[in-house]
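Report on the following structure.
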Protein chains: 2
Amino acid sequence: MANRSEARQQERVKGRGGRGGGSVVAAIREAITRGDFAPEQRLVESDLSDRFDTSRSAVRSALLQLTEEGLVEREQNRGARVRSVSLEEAVEICEVRMMLEGLCSAKAAERATPDEVAELRAIGDRMRQLVADGNVLGYSEANQLLHRRIRELSEQATAEEVLERLRAQSVRHQFQLALQPGRPSVSLPEHLAIIDAIAEHDPLAAETAMRTHLGSVIGALREASQTMGGLRF
Amino acid sequence: MANRSEARQQERVKGRGGRGGGSVVAAIREAITRGDFAPEQRLVESDLSDRFDTSRSAVRSALLQLTEEGLVEREQNRGARVRSVSLEEAVEICEVRMMLEGLCSAKAAERATPDEVAELRAIGDRMRQLVADGNVLGYSEANQLLHRRIRELSEQATAEEVLERLRAQSVRHQFQLALQPGRPSVSLPEHLAIIDAIAEHDPLAAETAMRTHLGSVIGALREASQTMGGLRF
DNA sequence: GACAACGAAATTGGCGACAATATTGCTGGC
DNA sequence: GCCAGCAATATTGTCGCCAATTTCGTTGTC
């Protein structure tokens with residue numbers, strides 16, 4: 001659409017020009033989750049191959065894969081768009097997270113070594129500090145880190161994979177939530193409860209604490225959408 | 001490998017020859033889950049395009065998608081094979097099912113209409129009869145049907161999608177289990193308990209019953225693998 | 001007789017071209 | 001002035017070809 005003239009920065013994939021087999025997927029995925037592409041935005045194959053300095057077939061196969069991952073939607077002969085996930089879908093995702101992160105939390109409670117417990121405790125302390133300082137973005141990052149570490153500690157590859165996929169799908173909702181005023185002070189004690197349960201190697205308490213936390217996230221999602229007017233993301 | 005001469009039956013995809021965009025994926029997926037291809041078997045692109053009477057690029061893109069679904073594994077420049085899932089992986093899958101089908105079971109208990117409850121009860125009755133008759137294959141089918149209907153009743157699209165994917169990955173383990181002598185008489189009461197809980201619209205009991213059931217499945221998987229010698233599927 | 005080096009065959013990876021389809025803009029009639 | 005039909009354009013879908021890579025078989029040497 002004539003914007004090929006406005007010399008757009010080309011994001012070279014992996015350094016070498018035009019190559020990078022599987023990493024084209026990673027590049028486009030990151031661009032979507034980072035918000036470079038808006039929800040519902042059309043993803044034209046030739047534009048993308050241009051932007052990422054790769055071939056159209058590479059982009060094509062990447063879009064196929066991202067469709068499978070739930071980040072992109074395609075219609076026959078009508079191309080691909082960034083998937084926009086509705087509030088209802090975000091709630092569904094959170095319900096699944098509730099179950100699966102509950103499992104991971106329980107497993108982490110079983111397996112965590114003293115060092116790993118110390119690591120979680122350190123994250124908890126940092127969270128406390130960040131909330132006290134009113135550092136919303138920092139807290140959001142620590143939040144992601146905590147959830148990720150607990151997933152990893154579970155050593156449940158199947159659950160980890162599913163959760164990673166779902167996380168990518170709901171980054172926007174997740175981020176919106178983090179910016180909600182007063183939200184950190186609600187979630188902080190929930191996070192600390194999870195850490196405590198894992199530290200005490202109490203799988204049942206760890207699962208319950210995680211479920212409580214994500215239940216509260218679901219509630220917050222619903223509330224936030226009311227104030228925001230039910231926008232899709 | 002010179003077996004192109006033995007006139008192998010060509011399974012036309014979708015009737016018309018050589019077409020059928022997305023349904024090539026379905027055809028190969030079915031062939032894998034039906035056991036036409038053994039685990040670890042190589043999937044040569046030209047062979048498949050021959051067998052399903054389609055183009056190599058269609059097969060190629062199908063294999064890409066099936067890799068994403070966890071049914072196929074690929075190595076750079078070395079082609080695709082049918083993924084073989086180990087006992088440990090099967091247990092992981094079952095743990096995830098435990099959580100997610102637990103969720104679906106609870107939601108089904110909330111939502112099920114009288115008609116739907118009657119339908120589940122009918123399945124339960126049929127199961128009882130099939131066990132009494134010693135009809136193992138029939139029971140296995142009814143088993144799958146029950147789990148599927150509960151998933152559908154939950155109207156949790158996200159969980160349904162994940163579960164469907166995982167089911168395809170573990171069909172072999174699932175089938176092996178169904179053939180285990182004495183297994184039906186163990187699982188029958190568990191299934192009936194799930195149905196009862198849903199019929200009584202008791203989400204908590206429904207979730208618990210489902211978790212108990214799949215916990216028992218995990219135990220059975222482990223036992224079966226001992227007698228079978230820890231074979232991969 | 002075993003093994004390394006080499007060459008041939010099989011297979012995958014990727015690009016370019018072309019056909020099929022959808023979208024957009026234009027023209028003429030009412 | 002609005003709408004139907006048609007032409008032009010943009011975009012996707014698919015195929016065939018060739019290069020890159022791996023695998024398999026052969027030959028020659030020790």
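Residue numbers begin at 1 in each chain, while the letters A, B, ... track the order of the sequences.
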What is the distance, rounded to the nearest whole Å, between atom CD of E45(B) and atom P of dG16(D)?
15 Å

If you restrict it to nitrogen or oxygen atoms, what contacts under 3.5 Å exist between nucleotides 18-22 of chain C and the protein, and what is each distance?
| unit_1 | atom_1 | unit_2 | atom_2 | d |
| --- | --- | --- | --- | --- |
| dT21(C) | O3' | N77(A) | ND2 | 3.4 |

From CZ of R60(B) over to C1' of dT14(D), roughly how many Å is that when rounded to an integer?
14 Å

How far apart are the C-alpha atoms of R183(B) and S216(B), what are their side-chain angles, what is the distance that settles it, and do they pass the side-chain hydrogen bond (donor to acceptor under 3.5 Å, both in side chains) test?
CA-CA 10 Å; R183(B) 178 69 200 148; S216(B) 133; 3.1 Å; yes

Any side-chain heavy atom of V82(A) within less than 4.5 Å of one from E40(A)?
no

Euclidean distance, atom CG of residue D47(B) to atom C1' of dA9(C) [Å, nearest integer]
15 Å

How many whole angstroms separate atom CG of D53(A) from atom P of dG14(C)?
15 Å

Name all residues meeting the side chain to side chain contact (heavy atoms under 4.5 Å, CB included) criterion together with S57(A); count only those two or more places apart in sequence or in a different chain, and write none if there are none.
S55(A)

For dT14(D) and S55(B) - does any side-chain N or O of the residue sit under 4.0 Å from the phosphate oxygens OP1/OP2?
no

How do S57(A) and L43(B) order along DNA chain C: which one's closest nucleotide is nearer the 5' end?
L43(B)

To the nearest angstrom, how far is R42(B) atom CZ from dA10(C) atom P?
13 Å

In terms of side-chain geometry, is the basic nitrogen of R83(B) or E75(B) positioned less than 4.0 Å from the acidic oxygen of its partner?
no

Please determine whether a side-chain nitrogen of the Lys or Arg among R81(A) and E73(A) lies less than 4.0 Å from a carboxylate oxygen of the Asp or Glu.
no

R29(B) bridged to E68(B) by N-O distance under 4.0 Å:
no

